[in-house]
Novice: 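I have a structure I would like to understand better, so I am pasting it below and will then ask my questions one at a time.
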There are 2 protein chains.
Amino acid sequence: MNIQFKKGVLELCVLALLTEKNRYGYDLVNEISKNIQISEGTIYPLLRRLKNVGYVTTYLQESQEGAPRKYYKLTENGLKITGELKNDWFDFVKKVNGLLKGGGKDE
Amino acid sequence: MNIQFKKGVLELCVLALLTEKNRYGYDLVNEISKNIQISEGTIYPLLRRLKNVGYVTTYLQESQEGAPRKYYKLTENGLKITGELKNDWFDFVKKVNGLLKGGGKDE
DNA sequence: TATTAGTATCTTGTATTGCAAGATACTTTG
DNA sequence: CAAAGTATCTTGCAATACAAGATACTAATA
C-alpha cells in the first residue's frame with residue numbers, strides 16, 4: 001500500500017468512523033486496518049491533534065479486557081468539518097481521475 | 001484544496017501526463033494546475049526524483065519563448081510503474097470510499 | 001509469586017514530500 | 001538598459017505516517 005496516498009486521508013477516515021459511533025483508539029486501528037493498513041503510532045498522535053483543534057472530545061471507560069479505554073466523540077464542529085472534508089475528498093478524487101484519464105486535453 | 005491529499009498523488013499525475021507525450025516542467029505545472037493547484041517548487045524536485053529512480057529520462061530543447069526547455073520522457077520501467085501506481089490509486093480510493101460510506105460494519 | 005499474552009495508550013526519532021520564497025537565465029518588447 | 005513573460009532550480013519549513021519501544025492493566029498459566 002502506497003504510504004503517500006494515506007496522507008491527510010486517514011484523518012477523514014477516523015472522523016467518518018466517529019460519525020457512526022464513539023470509538024477508542026485501538027478499535028479505530030483495527031477497523032481502519034481492515035481496509036488500509038495503519039499502525040498505532042499513527043492513530044494516537046492524530047487523535048490528540050483532533051482533540052486539540054476541538055473536533056473531538058474524550059472520556060475514559062473501564063474495560064474488562066485490559067487497560068481503560070479512551071473513547072473519542074465528535075463535537076458539533078467536528079461533524080461539520082467531517083462533512084466538508086468528505087466533499088473535498090470526493091472533489092479531489094474526481095479531479096485526479098480527470099487528469100489520469102483525459103490527460104490535459106484542451107479539445 | 002487540502003494539501004495533504006496531494007501527497008504521493010502528484011507523482012502519479014505527472015507520470016500519467018507523461019504517458020501521453022513528453023513534456024517539460026513548466027508545462028506540467030500549468031497542465032496539472034488546471035485541476036489541482038501546484039507550484040514550481042513542487043514539480044522540479046519531484047521530476048529530479050523521478051529521473052534519479054529511472055522512471056524518466058530528459059533531453060533539452062531550445063525554445064523561441066525563453067529559456068531552453070528540459071523535456072521529460074517516460075522509460076519502459078516508468079511506464080510499467082505508472083500502470084501499477086494507477087491500479088494502487090483506484091484500489092485505494094475504493095477502500096477509502098468503503099470506509100466513508102459503510103463505516104466498519106460487521107453485520 | 002512470576003511470567004506470559006492480549007488489550008490499550010503514548011512518545012521519540014526518522015523519512016517523505018508539498019510549498020513559499022527567491023535566485024538564475026533566456027527572449028522579446030519598449 | 002529595463003521590464004515582462006517563459007522556464008529551471010535551490011533552500012528552508014511544515015505536515016504527517018511509521019517503526020520501535022515504553023507503559024500499564026487483566027487474565028491465564030506455571
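In what follows, every chain begins at residue 1, and chains take the letters A, B, ... in the order their sequences are listed.
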Novice: Please list, by residue number, the residues of residues 61-70 of chain A whose heavy atoms come closer than 4.0 Å to an atom of DNA chain D; answer none if no residue qualifies.
Specialist: A:Gln64, A:Gly66, A:Ala67

Novice: To the nearest angstrom, how far is A:Arg23 atom CZ from C:dT9 atom C1'?
Specialist: 18 Å

Novice: Would you mind reading off the distance between A:Ile32 atom CD1 and D:dA17 atom P, rounded to a whole angstrom?
Specialist: 10 Å

Novice: May I have the distance from A:Leu28 (atom CG) to D:dA17 (atom P), rounded to whole angstrom?
Specialist: 14 Å

Novice: Would you say B:Tyr24 places a side-chain N or O within less than 4.0 Å of OP1 or OP2 belonging to D:dT8?
Specialist: no

Novice: Can you check whether B:Tyr55's main-chain N or O pairs, donor with acceptor, with B:Thr75's side chain at less than 3.5 Å?
Specialist: yes

Novice: Quickly work out the B:Lys6 NZ to C:dT16 C1' distance and round it to whole Å.
Specialist: 16 Å

Novice: Ignoring the backbone of A:Ile3, work out which of C:dT7, D:dA17, D:dT6 is nearest its side chain.
Specialist: D:dA17

Novice: Between atom CD in A:Gln4 and atom C1' in D:dC18, what is the gap in whole Å?
Specialist: 11 Å

Novice: For the side chain to side chain contact (heavy atoms under 4.5 Å, CB included) test, which of B:Thr42, B:Leu28, B:Thr82 pairs with B:Val14?
Specialist: B:Leu28

Novice: Would you say the base of C:dT16 and the side-chain of B:Lys7 have a donor-acceptor pair closer than 3.5 Å?
Specialist: no

Novice: Closer to the 5' end of DNA chain C via nearest nucleotide, is it A:Asn30 or B:Glu11?
Specialist: A:Asn30

Novice: Give the minimum heavy-atom separation between B:Lys86 and B:Ala16, together with the two atoms involved.
Specialist: CE-CB, 4.4 Å

Novice: In whole angstrom, what separates B:Asn2's CG from C:dG18's C1'?
Specialist: 12 Å

Novice: Do A:Phe90 and B:Leu12 share a hydrophobic cluster (ILVMFWY, side-chain heavy atoms under 4.5 Å, transitive)?
Specialist: yes

Novice: Which word best sums up how the rings of A:Tyr24 and A:Tyr71 line up, parallel for under 30°, tilted for 30 to 60°, or perpendicular for over 60°?
Specialist: perpendicular

Novice: For the pair made of CG in A:Leu12 and P in D:dA17, what is the distance, rounded to whole Å?
Specialist: 12 Å

Novice: Is atom CD of B:Glu84 surrounded by more than 12 heavy atoms (other residues, nucleotides or ligands) closer than 6.0 Å?
Specialist: yes

Novice: Any salt bridge linking A:Lys7 with A:Glu11? Criterion: basic side-chain nitrogen under 4.0 Å from a carboxylate oxygen.
Specialist: no

Novice: Can you tell me the distance, in whole Å, between the OH atom of A:Tyr26 and the P atom of C:dC10?
Specialist: 14 Å

Novice: Distance only, no hydrogens: is a donor on one side chain within 3.5 Å (strictly under) of an acceptor on the other, for B:Asn2 and A:Trp89?
Specialist: no

Novice: Out of A:Arg49, A:Lys51, A:Lys73, which one pairs with A:Val56 under the side chain to side chain contact (heavy atoms under 4.5 Å, CB included) rule?
Specialist: A:Lys51

Novice: Looking at DNA chain C, which of residues 41-50 of chain A put a heavy atom within less than 4.0 Å of it?
Specialist: A:Gly41, A:Tyr44, A:Pro45, A:Arg48

